[in-house]
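In this text the structure is predicted, and so the values were computed from the model without any measurement. Whatever order the structure lists ligands and atoms in, that order sets their numbers, starting from 1.
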Amino acid sequence: MTGNEIREKFLQYFERHGHTRVRSSPLLPADDPTLLFTNAGMNQFKDVFLGIEKRDYVRACSSQKCLRAGGKHNDLDEVGKTARHQTFFEMLGNFSFGDYFKEDAIKFAWDLLVNEYKLDPARMWFSVYEGDDEVGPDEDAEKFWEQVGAPRERILRFGRKDNFWQMGETGPCGPCSEIHYYMGADPNDAENCAANVNGPGDTITEIWNLVFMQFERNEVEPGRYTLTPLPAPSVDTGMGLERLTVVLQGVKSNYETDLLSNVVEFTARLSQGE
Ligand code: SER
């Protein structure tokens with residue numbers, strides 16, 4: 001499958017499930033002084049999550065152009081060191097504005113990856129926010145992963161650094177649950193796999209982040225922040241198109257996918273004076 005087909009399959013899947021396809025917003029945010037560049041698919045929906053803006057749909061999907069070269073989400077220092085980081089990339093996302101929440105977000109993610117893209121579930125690992133079960137059993141992402149078929153031993157818990165997502169110092173935020181994919185030789189080496197989820201290497205890569213938007217983070221005085229519940233629990237997901245393409249094309253790096261290899265080859269030819 002080409003990268004373009006992978007993007008289209010994602011958007012069509014969510015359209016079939018009641019989502020409105022929305023065009024990527026520009027890399028320069030139109031009206032948000034808190035951001036220099038668009039850093040996530042949810043940026044253009046920020047005011048919808050906050051309840052300030054209403055749209056005529058409650059479910060959306062997009063493939064968003066993103067730049068992470070500064071600010072809270074800065075990948076610049078990783079580029080060239082790993083096979084999975086770029087500064088500019090495309091983020092595939094589905095969004096719920098007060099409509100579905102954790103259970104359906106997890107069902108959609110599993111169904112799309114396993115039944116549509118045919119990823120091997122034995123290579124999938126899941127991370128959940130460590131405090132997720134404190135808000136009540138019905139709110140625990142781990143339970144929903146188990147319901148769709150994820151084995152409990154491949155669901156790992158992490159703290160705020162890895163599993164609580166915020167756009168910047170202020171704005172919508174919430175606990176998140178990620179899907180990581182193992183691309184090494186032995187998926188049964190559970191101990192080794194578990195130790196590498198959220199680790200520095202490329203053998204296990206985070207491919208999709210499901211954020212359960214629940215709060216607005218505000219600075220009430222310099223350096224002091226509060227979390228206020230959003231008008232309604234919402235969903236913001238982001239999957240790296242280039243990373244998913246690495247998995248589906250069986251290559252070793254984002255730069256070897258058909259999305260980027262032509263650019264690399266063209267630049268190499270230019271550098272050789274051709
Ligand atoms: N906003 C989340 C992220 O950027 C999920 O889309 O990871």
Side-chain angles (χ1 to χ4, degrees), residues 7 10-11 13-14 19 21-25 27 29 32 34-50 59-76 78 82 84-102 104-106 108-110 112-113 125-129 132 141 158-181 197-198 204-217 227 230 233-244 254:
R7 181 196 301 106
F10 181 96
L11 295 168
Y13 175 86
F14 282 104
H19 295 65
R21 185 190 295 218
V22 178
R23 282 177 66 88
S24 171
S25 64
L27 273 185
D32 189 342
T34 70
L35 283 176
L36 186 56
F37 294 112
T38 299
N39 68 8
M42 55 72 65
N43 291 168
Q44 66 169 316
F45 303 116
K46 178 178 172 184
D47 285 349
V48 188
F49 286 118
L50 297 177
R59 298 179 176 200
C61 59
S62 67
S63 183
Q64 175 66 49
K65 293 174 254 194
C66 296
L67 191 66
R68 291 191 170 180
K72 179 144 190 71
H73 300 284
N74 182 5
D75 288 340
L76 195 54
E78 308 299 329
T82 77
R84 65 188 191 282
H85 284 97
Q86 304 159 216
T87 48
F88 171 79
F89 65 102
E90 271 184 76
M91 186 183 282
L92 302 167
N94 57 293
F95 307 91
S96 151
F97 310 116
D99 187 30
Y100 61 86
F101 196 42
K102 288 184 189 179
D104 283 337
I106 287 171
F108 285 141
W110 177 275
L112 178 57
L113 292 181
W125 288 76
F126 309 87
S127 69
V128 173
Y129 180 54
D132 226 45
F158 290 88
R160 273 193 92 80
K161 179 176 139 316
D162 293 298
N163 279 79
F164 192 95
W165 198 87
Q166 49 192 76
M167 190 184 102
E169 289 311 323
T170 59
C173 58
C176 61
S177 189
E178 300 157 333
I179 300 160
H180 298 251
Y181 199 76
V197 170
N198 281 328
I204 295 190
T205 302
E206 176 201 331
I207 53 172
W208 202 348
N209 185 16
L210 316 183
V211 183
F212 309 117
M213 286 293 188
Q214 276 173 277
F215 307 103
E216 178 178 8
R217 193 170 194 262
L227 292 182
L230 292 180
S234 296
V235 169
D236 148 36
T237 87
M239 174 148 64
L241 172 65
E242 297 82 357
R243 290 187 184 184
L244 177 64
N254 291 13

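- Nearest heavy atoms, D162 versus C176: O-SG, 3.9 Å.
- Among all heavy-atom pairs drawn from Q166 and C173, the shortest one is CB-CB, 3.5 Å.
- In this structure S25 satisfies the side-chain contact (heavy atoms from CB on, under 4.5 Å) test together with T38, Q44, Q64, sequence neighbours excluded.
- Of the candidates Y13, F95, F97, Y100, H19 forms a ring-ring contact (aromatic ring centres under 6.0 Å, His included) with just one, namely Y100.
- Nearest approach of M167 to N39, heavy atoms of both residues: O-ND2, 3.3 Å.
- Residue-level contacts of ligand 1 at the 4.0 Å heavy-atom threshold are A40, M42, R68, M91, W165, N209, V211, D236, T237, G238.
- Using the six-membered ring where Trp is involved, F14 and F10 have ring planes that are tilted, between 30° and 60° apart.
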